[in-house]
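Working notes, beginning with the structure itself.
None of these values were measured; they are calculated from a predicted model. So that the names make sense, note that chain A is the first sequence line, chain B the second, and so on, each numbered from 1.
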Amino acid sequence: MELLVALTIGVLTAVGIYLMLRQRSFPVILGLTFLSYAVNLFLFASGRLALNAAPIIGTTDTPTDPLPQALVLTAIVISFGMTAVILIMAIGGNLAAGHDRIDLGQDPRDDA
Amino acid sequence: MSLVLIAALPFLGAVLPGLLIRLGRTAAALAAGAVTLTALILLAIEAPAVLAGGVVKAQIDWLPGLGLNANFFLDGLSLFFAGLILAMGLLVVLYARFYLSDRDPLGRFYAFLLMFQGAMLGIVLSDNILLLLVFWELTSLTSFLLIGFWKDRAESRQGARMALAVTGGGGLCLIAGMLILGHAAGGHDLTTILTAKTAIWSSGLYLPALVLILIGAFAKSAQFPFHFWLPHAMAAPTPVSAYLHSATMVKAGIYLMIRLWPVMSGTFEWFVLLVGTGLFTLLLGAWVALWKDDLKAILAYSTISHLGLITLLIGLGSESALVAALFHILCHATFKAALFLSAGIIDHETGTRDITRLGGLRRLMPISFGITAIAGLSMAGFPPLNGFLSKELFLAETTEVIWPNPWIVAVLATLGAALSVGYALRLLVKGFLGQVRADYPHPPHDPSPGLWAAPALLASLVVLIGLFPNLTTRWLLHPAASSASRRDVFPNIALWHGLDVPELWMSLAGIGGGLMLLGAYPALRALRDRMPRLDAKRMFDAVVDPMAADARKVTKALHNGSFTRMLVLALLVILAATGFAWVSGTHDIGTRPGLAMQPLMATICGILALASLATAALHRNRLLALILTGVVGLLIAPIFAIFSAPDLALTQVAVEVVTVLLMLLALRFLPKATPAETQLPRRLFDVILAATAGLGMAALAYAMLTRAPAFPSISQFHLEQSKPGAGGTNAVNTIIVDFRGFDTFGEIIVLGIAALIIFALSQTLLKSPEVHRKLAALPPPAAGDPHPMMLVSGVRVLLPMALLFAAYLFLRGHNLPGGGFVAGLVVAAALLLQYLGSGYDFSQSRQRRDHHVVIAAGVLVALLAGVGPWVMGLPFLTSGFTYIDLPPLEKFELASAMIFDLGVFLCVLGAVLLALDSLAGLARVDRPGPRPKKGRKR
């Protein structure tokens with residue numbers, strides 16, 4: 001199962017990076033979302049994998065590490081905030097510039 | 001403790017002028033004056049103990065592990081400088097009120113000035129040298145702000161930049177030197193260092209520490225070869241020049257040299273470096289001052305010269321020379337500040353500072369003439385003014401120097417005296433004597449008393465100190481010199497020593513020489529104009545400009561506006577670094593036993609991988625890509641759930657729903673498809689790059705998962721204490737709301753700020769007419785029926801159920817999976833569904849509270865849970881809990897952390913709703929109308 005999770009993290013990272021290397025804002029945002037998935041999963045995995053060991057006192061004798069879970073929980077919520085901010089920036093850029101390219105310099109109007 | 005207050009007061013008070021400027025310029029000046037006066041009174045309260053020979057201390061442990069503590073002390077030397085800083089500050093505050101014009105932002109000026117004052121006080125009151133360094137840098141920064149105060153003038157900006165570069169660069173050397181010194185002395189407090197002379201001298205680190213510290217001190221105190229920044233700093237408003245660049249800041253280096261005098265002086269290196277530099281600077285400054293026509297430039301070079309004089313005296317290493325140095329600091333501060341302020345008056349009233357365009361002002365501006373004449377003659381060293389006394393002391397000291405031979409230093413000092421007589425008299429003669437002219441830029445007359453009061457007071461001090469030196473200064477000089485030298489030094493300064501002392505004849509020779517210089521001035525000037533000259537600014541620019549150009553080139557090469565390119569570069573660097581680690585280190589698979597494969601897990605991961613790859617392949621169709629992304633996000637939740645993280649699974653599902661909704665809304669304002677822009681090779685390159693990174697991450701994750709943690713996790717503590725310490729059985733929740741509550745507090749604030757940014761950006765977009773037009777031109781949504789009956793009814797039934805579920809999640813969160821984050825997201829999602837189903841107006845009309853209020857309430861509730869324990873004398877965010885037995889209910893537990901969790905809940909709810917509401921606001925632009933309306937109607 002460890003290999004499975006590791007490969008999943010790898011696939012999510014690769015897709016995230018590939019999308020972030022695109023030229024338009026929307027795929028970049030999706031890429032960032034994928035990268036967040038990968039990073040959150042990786043951080044979570046740093047507590048190692050365990051079955052039926054939720055860190056609820058009294059339900060199990062060998063609870064898993066709760067600390068990465070607490071970190072990832074807030075990270076998930078913060079990622080949402082970040083995604084939302086970038087979305088409004090992308091919208092603003094698209095409305096103001098008339099296109100949603102992320103690189104400057106391709107449109108002569110950008111140099112102004 | 002009042003020492004801390006004295007240093008902190010100007011910083012705290014710096015906000016006052018900025019606020020009170022709305023009530024008028026006088027209010028701002030009064031505020032700045034009141035702050036300075038309060039600090040001065042506090043200092044005066046401490047003074048009697050210090051004047052009696054005591055030392056007042058105040059200590060606050062800050063980072064004791066690093067040796068960095070907020071330790072302050074006040075001895076005679078600190079008192080001497082602190083008094084000078086505050087008294088001079090008071091005069092400058094008064095003067096600036098009348099000097100700066102109505103167009104200048106006076107509130108900002110006073111704020112900067114007070115901050116500078118606080119930094120300066122910090123330097124002279126710091127016991128801890130690391131703290132001193134912090135204040136030292138602060139003086140450089142505030143000085144930068146004050147020199148560049150008229151920021152629309154090029155010479156202000158350049159002067160400010162040069163001063164910052166030189167004094168800041170010197171500051172870096174000083175940091176190194178001070179750290180070496182602290183290391184050699186075995187402590188970072190001056191009280192320790194000053195008693196560790198043998199340790200420092202025997203450590204072998206004396207010379208490097210000395211050289212580095214002196215570079216810092218020389219740069220600050222404008223000693224050759226760092227002197228050139230000072231004349232360019234004259235672009236500052238004149239009150240700043242008088243205060244910073246004559247009376248106080250440039251004395252910071254001097255202060256440091258005097259402060260370290262007991263442990264650093266007495267060596268040949270100390271003598272050569274200080275006397276040599278001081279003497280050369282003295283001559284150079286005086287020489288250049290002689291040829292300047294700008295009043296402030298003359299005074300600037302004269303200041304350099306006098307600072308050289310003081311440095312020389314400190315370098316001599318005798319107690320009497322130290323007394324002379326301290327006395328001259330006092331005298332120089334009085335007469336030079338008076339001269340600067342007078343120069344400001346002349347500039348203010350005549351419109352020029354060029355003495356070749358002045359002359360005859362004696363008749364037109366008699367008060368200013370009186371002040372300038374007294375101060376100028378004192379600068380030249382005429383009896384019975386204070387400048388004469390300190391020059392006598394100086395000349396007397398130079399006759400004691402026997403290296404390199406018994407007379408050379410004395411002769412050069414006398415030459416310096418002659419030069420200073422020359423430039424001082426030239427200033428007076430050219431500026432004030434002679435015929436009244438008809439071509440002044442403005443018709444000159446004496447200003448209002450507000451402007452001349454400060455220099456007049458200083459000029460009267462010049463006379464008083466000159467006539468009664470012991471009476472006026474001994475009470476201050478005695479403790480200052482004694483604490484500086486750490487011996488009992490009793491100064492005795494007399495106006496008349498008799499005819500058989502050499503300094504009298506040297507003084508007379510200086511005056512005679514100065515008069516001769518003045519007589520031969522036109523001829524000398526012609527000669528001098530033909531000589532080649534070094535321009536320090538051009539040399540500085542020659543060094544700095546190529547560096548700046550290179551830096552710009554590197555920046556442009558790395559950052560050409562292409563996000564993709566930066567990302568690729570960053571990735572390549574990361575891959576190279578990790579590749580190096582891979583090649584140079586071992587990379588086996590670990591031996592930790594793994595879990596047996598589950599078919600369910602394999603299926604989930606398989607679908608997840610397929611959906612991910614499909615997203616990458618099909619990303620041009622944005623709606624499809626978004627749906628696939630949602631699938632991937634939702635599939636992560638069962639992974640969390642299976643691997644014993646129910647809280648994460650819940651949160652992931654809730655966030656995913658909200659995120660996808662948000663992106664759907666955003667897609668309305670973005671193109672629906674991504675055009676194919678990259679060529680195949682480029683795409684292949686990207687695939688290889690992404691695949692390599694993915695493989696690396698997978699390998700890293702696998703290596704980690706197959707190993708036990710390298711050292712035991714601190715989580716054992718959280719698990720053990722979750723129930724007895726925080727009163728909850730859900731360890732994840734107790735970590736979030738209790739053990740690491742402060743982190744969470746920061747996080748909900750970040751989330752709130754993110755929502756406010758989104759709101760602010762959407763409002764800005766709506767304000768732009770062009771954007772507004774584009775929004776209105778968007779095609780209306782293509783759905784046949786925007787609010788189908790099924791959906792409307794469905795979501796309305798769902799709402800109370802969702803609210804109940806959220807309440808359940810919230811209440812059980814402390815013990816079972818749930819909590820404020822998830823509950824907030826669930827309620828937000830349920831409310832969003834109302835918007836989606838029944839439309840904006842329906843939902844909006846039923847909304848009682850602004851989302852902003854909800855966010856603020858959340859932060860405030862969490863804050864309340866944090867500060868509540870203070871009332872009981874407990875630290876921030878201490879939690880408590882109790883069990884309540886309330887029949888017929890089961891016995892239940894009530895924890896104060898739940899209040900904090902309520903804050904989290906409200907903040908998350910408000911933030912999510914505000915973000916979505918802001919985006920929805922863009923969609924609600926009135927189609928035909930030209931102006932945005934923030935209304936409740938469609």
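Of the atoms belonging to B:Arg682, it is side-chain heavy atoms, and not backbone ones, that fall under 4.5 Å from chain A. If you measure heavy-atom distances from B:Ser722 to chain A, the contacts under 4.5 Å come from the side chain alone. In this structure, chain A has no heavy atom under 4.5 Å from any part of B:Ala755. Heavy-atom distances place no part of B:Ile748 under 4.5 Å from chain A, backbone and side chain included. B:Leu719 touches chain A through backbone and side chain together, each having a heavy atom under 4.5 Å away. With a 4.5 Å cut-off on non-hydrogen atoms, B:Ala691 touches chain A through its backbone but not through its side chain. Heavy atoms closer than 4.5 Å to chain A are found in both the backbone and the side chain of B:Leu613. Of the atoms belonging to A:Tyr18, heavy atoms from both backbone and side chain fall under 4.5 Å from chain B. Contacts between A:Asp100 and chain B at a heavy-atom distance below 4.5 Å involve the side chain alone, from C-beta outward. For B:Leu662, the parts sitting under 4.5 Å from any heavy atom of chain A are the backbone and the side chain alike. In this structure, the portion of B:Glu656 lying under 4.5 Å from any heavy atom of chain A is its side chain and not its backbone. Contacts between B:Leu922 and chain A at a heavy-atom distance below 4.5 Å involve the side chain alone, from C-beta outward. Looking at A:Tyr37, the atoms closer than 4.5 Å to chain B (heavy atoms on both sides) sit in the backbone and in the side chain alike. With a threshold of 4.5 angstrom between heavy atoms, B:Leu650 does not approach chain A through any atom at all. Of the atoms belonging to A:Leu51, heavy atoms from both backbone and side chain fall under 4.5 Å from chain B. Heavy atoms of B:Ser713 lying under 4.5 Å from chain A belong exclusively to its side chain. Of the two parts of B:Ile636, only the side chain, counted from C-beta on, holds a non-hydrogen atom closer than 4.5 Å to a non-hydrogen atom of chain A. Heavy-atom distances place the side chain of A:Thr33, and not its backbone, under 4.5 Å from chain B. Within the 4.5 angstrom heavy-atom criterion, only backbone atoms of B:Ala708 (N, CA, C, O) approach chain A.
Residue with the most contacts toward chain B among A:Val11, A:Ile56, A:Val72: A:Ile56 (heavy-atom pairs, distance under 4.5 Å). Ranked by heavy-atom pairs under 4.5 Å with chain A, the list B:Arg740, B:Gln716, B:Met601 is led by B:Met601. The candidate from B:Leu626, B:Leu761, B:Thr659 with the greatest count of non-hydrogen atom pairs under 4.5 Å with chain A is B:Thr659. By number of non-hydrogen pairs under 4.5 angstrom with chain A, the leading residue of B:Val750, B:Ile642, B:Ile714 is B:Ile642. Ranked by heavy-atom pairs under 4.5 Å with chain A, the list B:Arg707, B:Met566, B:Lys723, B:Arg620 is led by B:Arg707. When B:Asn733, B:Thr729, B:Thr764, B:Thr615 are compared by the number of non-hydrogen pairs under 4.5 Å with chain A, B:Thr729 comes out ahead. Among the candidates B:Leu765, B:Val908, B:Leu571, B:Leu648, the residue making the largest number of heavy-atom pairs closer than 4.5 Å to chain A is B:Leu648.
Residues B:Met663 and A:Leu30 meet the side-chain proximity criterion, which asks for heavy atoms closer than 4.5 Å. A:Pro27 is listed as a side-chain neighbour of B:Arg622, based on a closest heavy-atom distance under 4.5 Å. Between B:Asp743 and A:Thr74, the closest side-chain pair of non-hydrogen atoms is not below 4.5 Å. Residues B:Pro675 and A:Arg24 have side chains in contact (heavy-atom distance under 4.5 Å, counting atoms from C-beta outward).
Applying the salt bridge (Lys or Arg N to Asp or Glu O under 4.0 Å) test to pairs two or more places apart or on separate chains, none has a residue in residues 34-57 of chain A.
Contact record, B:Leu670 with A:Ser25: CD2-OG, 4.2 Å, taken as the closest heavy-atom pair. In terms of heavy atoms, B:Ser612 sits closest to A:Leu12 at OG-CD2, 3.6 Å. When all heavy atoms of B:Ala698 and A:Gly10 are compared, the pair lying nearest together is CB-CA, 3.9 Å. In plain terms, the two heavy atoms of A:Ala70 and B:Ile736 that are nearest each other are CB-CG1, 3.9 Å. Taking both residues in full, the closest heavy atoms of B:Ala701 and A:Ile9 are given as CB-CD1, 3.8 Å, listed atom of the first, atom of the second, then distance. Heavy-atom minimum distance, B:Ala616 versus A:Val15: CB-CG1, 4.0 Å.
Interatomic distance, B:Phe643 CZ to A:Asn52 CG, rounded to the nearest 0.5 Å: 11.0 Å. Considering CG of B:Asp686 and CZ of A:Arg22, their distance stands at 4.5 Å, rounded to 0.5 Å. Rounded to the nearest 0.5 Å, atoms OG (B:Ser562) and CD (A:Gln23) are 7.0 Å apart. The CG atom of A:Leu49 lies 7.0 Å from the CZ atom of B:Arg592; values are rounded to the nearest 0.5 Å. The CZ atom of B:Phe640 sits 9.0 Å away from atom CD of A:Gln69, with the distance rounded to the nearest 0.5 Å. How far NE2 of B:His718 is from CG of A:Leu67: 5.5 Å, rounded to the nearest 0.5 Å.
Side-chain N or O atoms of A:Asp103 include one that pairs as donor or acceptor with a backbone N or O of B:Thr564 at under 3.5 Å. One N or O on the side chain of B:Ser644 and one on the backbone of A:Ala50 form a donor-acceptor pair closer than 3.5 Å.
Within 6.0 Å of CD1 on B:Ile589 lie no more than 12 heavy atoms contributed by other residues, nucleotides or ligands.
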Sequence neighbours left out, cut at 3.5 Å: what donor-acceptor pairs do the side chains of residues 75-93 of chain A make with other protein atoms?
{"unit_1": "A:Ser79", "atom_1": "OG", "unit_2": "A:Ala75", "atom_2": "O", "d": "2.5"}
{"unit_1": "A:Thr83", "atom_1": "OG1", "unit_2": "A:Ser79", "atom_2": "O", "d": "2.7"}

